Amino acid sequence: MSRYISAKNRNFVKERAAQTCEYCKVPELFSFIGYEIDHIISLKHGGENSLENLAWACAICSLNKGTDIGTMLLPSQKIIRFFNPRTEDWALHFEVSDALNLPKTEIGEATVKIFQFNQVDRLMERQMLANAGLYPPPDGLLAN
Ligand SMILES: [Zn+2]
């Protein structure tokens with residue numbers, strides 16, 4: 001399958017996400033890193049270039065996720081898929097506490113683990129945003 005995504009669709013995905021990473025919820029405007037299109041289900045695993053399979057993601061979430069679609073949680077050894085921003089409510093799986101993005105479900109736990117939401121540099125960035133009243137984003141942005 002082609003990796004090509006039209007500029008029109010890229011812009012649609014970016015605007016649909018209100019220019020906010022759909023995984024860690026850091027607004028692009030306040031970030032020093034680039035943002036990009038993410039295939040929620042990677043092409044390698046049969047995902048498509050359809051708008052329903054695309055998310056707007058910061059480069060760190062995208063890099064940490066890679067082509068993975070889930071992980072094994074320990075000690076249960078259960079394979080748990082990642083959060084899907086197209087079909088699930090972010091606030092159902094995560095909550096923000098002092099800029100920490102904490103999991104509320106196994107899907108949240110799998111996503112926090114592999115995306116490394118609370119890696120120290122990322123946490124420091126969100127704490128600075130929180131101190132400026134810019135994180136977490138308004139409830140409307142946490143709903144999807
Ligand atoms: Zn992110």
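Whatever order the structure lists them in is the order used to number ligands and atoms, beginning at 1. Here the structure is a predicted model, which is why all the values come from computation and not from measurement. Counting from 1, the numbers follow the sequence of the chain as shown.
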Exercise for the section: Would you please indicate if the ring centroids of Phe115 and Phe82 are separated by under 6.0 Å? Expected result: yes

Practice task
Determine whether the side chains of Arg122 and Asn101 contain a donor N or O and an acceptor N or O closer than 3.5 Å.
Solution key: no

Practice task
Sort by chain and number the protein N/O/S atoms that are closer than 2.8 Å to the Zn ion (ligand 1), and list them.
Solution key: Cys21 SG, Cys24 SG, Cys58 SG, Cys61 SG

Practice task
Would you please say whether a donor-acceptor pair under 3.5 Å links the side chains of Asn49 and His39?
Solution key: yes

Handout entry: Heavy-atom neighbours of Asn11 CG exceed 12 at 6.0 Å
Key = yes

Handout entry: Criterion side chain to side chain contact (heavy atoms under 4.5 Å, CB included) on Glu109 and Ile80, from CA distance to verdict
Key = CA-CA 9 Å; Glu109 185 179 345; Ile80 304 292; over 6 Å; no

Exercise for the section: Would you please say whether a donor-acceptor pair under 3.5 Å links the side chains of Glu22 and Trp90? Expected result: no

